[in-house]
Protein chains: 2
Amino acid sequence: MYKIEFDNFFTYSFSSDCIIFGFRNGEISVLLIKRAMEPFKDKWAIPGDLVYPDEDLLDASKRILFELTQLNDIDLHQAQTFGKPNRHPQGRVITCAHFALLRINDFHAEASSWAKEVAWIPIHKVPELAFDHDEILSSTYDLLKQKLAIEPVCFDMLPEKFTLSEMQSLYEYAFDTTMDKANFRKKIKSIPIKKLSEKQQNVKHRPAQLFSFDQDRFIEMVKTDHYTFKMY
Amino acid sequence: MYKIEFDNFFTYSFSSDCIIFGFRNGEISVLLIKRAMEPFKDKWAIPGDLVYPDEDLLDASKRILFELTQLNDIDLHQAQTFGKPNRHPQGRVITCAHFALLRINDFHAEASSWAKEVAWIPIHKVPELAFDHDEILSSTYDLLKQKLAIEPVCFDMLPEKFTLSEMQSLYEYAFDTTMDKANFRKKIKSIPIKKLSEKQQNVKHRPAQLFSFDQDRFIEMVKTDHYTFKMY
DNA sequence: AAGTATTATTGTCCATTTGACAATAAGTGA
DNA sequence: TCACTTATTGTCAAATGGACAATAATACTT
């Protein structure tokens, strides 16, 4: 049984790492920090820190993300846990990855605490990271791609009002492919988005129709079991 | 940064719970143990125990599963981590769920260590479990269903040699639905299974053709990128 | 031996979806 | 007005999917 009375079982600590994804200029980016302290000083890393002994994992993630990047009120979700005994040079630290998707332009991230710098870095241009963060990022990006394929999470990264071409370009980037415009539009016919009365502004060509996610219709579809998202 | 030098961060411990699924008599079952010790003595629970301070999570899961059920050499995969501060009555225990799929008849599970009894219990007939194990089981079963939909994992639970009707019944049970036999067979045309020279034995009706998973063809398809599994 | 019951297997028809590609629309700027 | 660019819609054939019918192989019954 759980031998929690044994002192030698309390020799590890537990952390949370926050992988924050966004979409901008046709690229999926991730929010990283530059470390101001050893180990891995000046290396880029996923924002993360220790969980307090009496703190819930999700609460801890939100606190840690805020402490390091000033991002507040972010809707985090759990991803994988990483626990190789030697993954942290200073001791046994098991870390639980959490991720969130957000609209980059709706937030302002700013380095604080022991973060020296923060930056949105396109996923394909991420440098080598501290600790085993390359593996954590890669595994969590895989999870994101899986979610994009079967859940309407793209709308968390797209602007509130988006064009169908923007939506398509997000999928093309994630799945590393190109799609036919006409066929993409047919494919998303069953996805609950609503046509707005507005059009794109300040473009030097025919302005595109703007759309937004139709939350009400989505909820209704889920309730009546008429919903299956398939985007691959 | 990680303040692992602070003693008060070493007041939690870490465990692994092993959710083992199998398929028998048209039902997906899970391997549970009856606890021989407090807390929750005599309650059914998911087999799990503490991870050693220098032990890898996956190694720990295999060791723990063997200690409690004598199941050896099981291919476990990580699922969700559960860490509510009060989930364990005797202290802060964060647990990482691991799951495996196996052919029930190819293994013999036997209670040992502090497990008083082990049993394969159909997923729809599981009694109330110890700790937050109801939530852990339910979340992991959801994960299983998701995997069944997009990966060829059904073959880990089906007998080595199976009939198409058995395969269909697994999906019908998991997705809680019924499918047309002819259409099911069309749907799986692209799945790498091979027709064997044998037929079903000892049935009182027309014996069905036996099939087995075609590992070679599967690997070839993955390599050449000609593989997408869609079973929903 | 013939007929019945049961499950396996295959085929057909039609509606829907998918993929490739063409045609048209609505803006800007020269 | 014309060229240029991206948006949007339409077409057609192929592939897929769902409902349902027809046939096959085995054991069991009479």
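Contact check for B:L148 versus B:Y232: no side-chain heavy atoms found under the 4.5 Å cut-off.
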Anything under 3.5 Å between a protein N or O and an N or O of nucleotides 15-17 of chain C, put it in a table, one pair a line.
none

Identify all pairs in which a protein N or O lies below 3.5 Å from an N or O of nucleotides 28-30 of chain C, and state each distance.
none

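Side-chain atoms of B:Q200 and B:T163 include no donor-acceptor pair closer than 3.5 Å.
For B:R103, the side-chain hydrogen bond (donor to acceptor under 3.5 Å, both in side chains) partners are B:E160, not counting sequence neighbours. Every ring pair (Phe, Tyr, Trp, His ring centres under 6.0 Å) that B:F162 has, sequence neighbours left out, goes to B:F155. Not a single salt bridge (Lys or Arg N to Asp or Glu O under 4.0 Å) links A:K187 to another residue, sequence neighbours left out. Take A:F40 and apply the ring pair (Phe, Tyr, Trp, His ring centres under 6.0 Å) test, not counting sequence neighbours, and it matches A:F131. B:H77 pairs by the ring pair (Phe, Tyr, Trp, His ring centres under 6.0 Å) definition with B:F99, not counting sequence neighbours. Annotation: salt bridge (Lys or Arg N to Asp or Glu O under 4.0 Å) contacts of B:E27 (sequence neighbours excluded): B:K125.
Summarising the geometry of B:D17 relative to B:G48, their closest heavy-atom pair is OD1-CA, 3.2 Å, with the distance given to 0.1 Å. Contact between A:A100 and A:L76 at its shortest, heavy atoms only, is CB-CD2, 3.8 Å. The heavy-atom pair separating B:S29 from B:I104 by the smallest distance is CB-CD1, 4.4 Å.
No contact: B:Q200 has no heavy atom under 4.0 Å from any strand.
For the pair B:D180 CG and C:dC13 C1', the interatomic distance rounds to 14 Å; values are reported in whole Å. Put simply, NZ on A:K199 is 21 Å from P on D:dT5, counting in whole angstrom units. Rounding to whole angstrom units, CD of residue A:Q201 and C1' of C:dA26 are separated by 14 Å.
Residues from residues 158-172 of chain B with heavy atoms under 4.0 angstrom of DNA chain D: there are none. Listed by residue number, the members of residues 182-190 of chain B with any heavy atom below 4.0 angstrom from DNA chain C are B:A182, B:R185, B:K186.
For residues 167-186 of chain A, the pairs satisfying ring pair (Phe, Tyr, Trp, His ring centres under 6.0 Å) are A:H124-A:Y173, A:Y171-A:F175, with sequence neighbours left out. Among residues at least two apart or in separate chains, salt bridge (Lys or Arg N to Asp or Glu O under 4.0 Å) pairs with a member in residues 133-147 of chain B are B:K84-B:E135, B:D142-B:K145, B:K147-B:E151.
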